[in-house]
Amino acid sequence: MGRLFVLTLEGNFYSCKHCGTHLALSENIVSKSFRCRHGKAYLFSKVVNVTSGEMEDRVMMTGVHTVADIFCVCCGSIVGWKYETAHEMSQKYKEGKSVLERFKITGPDGSHYSASHDTHVAGSDAYDV
C-alpha cells in the first residue's frame, strides 16, 4: 500500500463524522434539497479525500442514474455517492457531482445531523431542485 495523501481544506468545510477528514467546502454546495435514506443530503460540485466504489444503475426519485458510492479515504466510511451518468436530459446537471449525506458528515460549525426515523426514502435523490 502506498502513502495516503489527504487534502486539508481552508474555510467553511464539511468533514467525515467518524474521523474528521475534510470532504468539501460550503462554497461548493449546488443544492441542499436532496434526500437519502437517513434524511437530508447535499449536492456538491467538488469533494476531496474520497474513493469511489463500483458504478451501478439506481432507480431514484428523479429517474435512473449511474452512480458510485463514495467513501472517506481515511476511515473507509461511506459518505455519499457520485453521479456518473444521468439518463434523463433534465438531470444531466448532476453528472460529475457528488452527494454527501448529512447524517454521515459534520457541518462547518461542528454540527451533526440526526437521522429522522420517518425518513426512509425508497430511492435517494433530490426532492426539490
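By convention here, the first residue in the shown sequence is residue 1.
Nearest heavy-atom pair, F5 versus N49, reported as atom, atom and distance to 0.1 Å: O-OD1, 4.3 Å. Of all heavy-atom pairs between S45 and V30, the closest is N-CG2, 3.6 Å. Shortest non-hydrogen contact noted between R102 and G107 is NH1-N, 3.5 Å.
Counting only distance, with no hydrogens or angles, the side chain of K40 and the backbone of F34 share no donor-acceptor pair below 3.5 Å. Within the 3.5 Å criterion, the main-chain N or O of F103 finds a donor-acceptor partner in the side chain of K17.
The hydrophobic cluster containing V67 also contains Y93, counting ILVMFWY residues as joined when their side-chain heavy atoms lie under 4.5 angstrom apart, directly or transitively. F71 is not connected to L100 by any chain of hydrophobic side-chain contacts under 4.5 Å among Ile, Leu, Val, Met, Phe, Trp and Tyr, and they are in different clusters.
Checked against side chain to side chain contact (heavy atoms under 4.5 Å, CB included), T8 has the following partners two or more places apart in sequence or in another chain: H22. By the side chain to side chain contact (heavy atoms under 4.5 Å, CB included) test, H18 pairs with C16, C75, S77, sequence neighbours left out. Applying the salt bridge (Lys or Arg N to Asp or Glu O under 4.0 Å) criterion to E27, with sequence neighbours excluded, gives no partner residue. In this structure, the ring-ring contact (aromatic ring centres under 6.0 Å, His included) partners of F44, at least two apart in sequence or on a different chain, are Y14. Annotation: side chain to side chain contact (heavy atoms under 4.5 Å, CB included) contacts of T66 (sequence neighbours excluded): M55, D57, E84, T85, H87. Every residue two or more places apart in sequence or in another chain that forms a side chain to side chain contact (heavy atoms under 4.5 Å, CB included) with V48 is listed here: L7, L9, K46.
Here E56 contributes atom CD and D69 contributes atom CG; the two are 6.0 Å apart, rounded to the nearest 0.5 Å.
Comment: K97 does not engage E95 in a salt bridge, judged by the lack of any side-chain N to carboxylate O separation of less than 4.0 angstrom.
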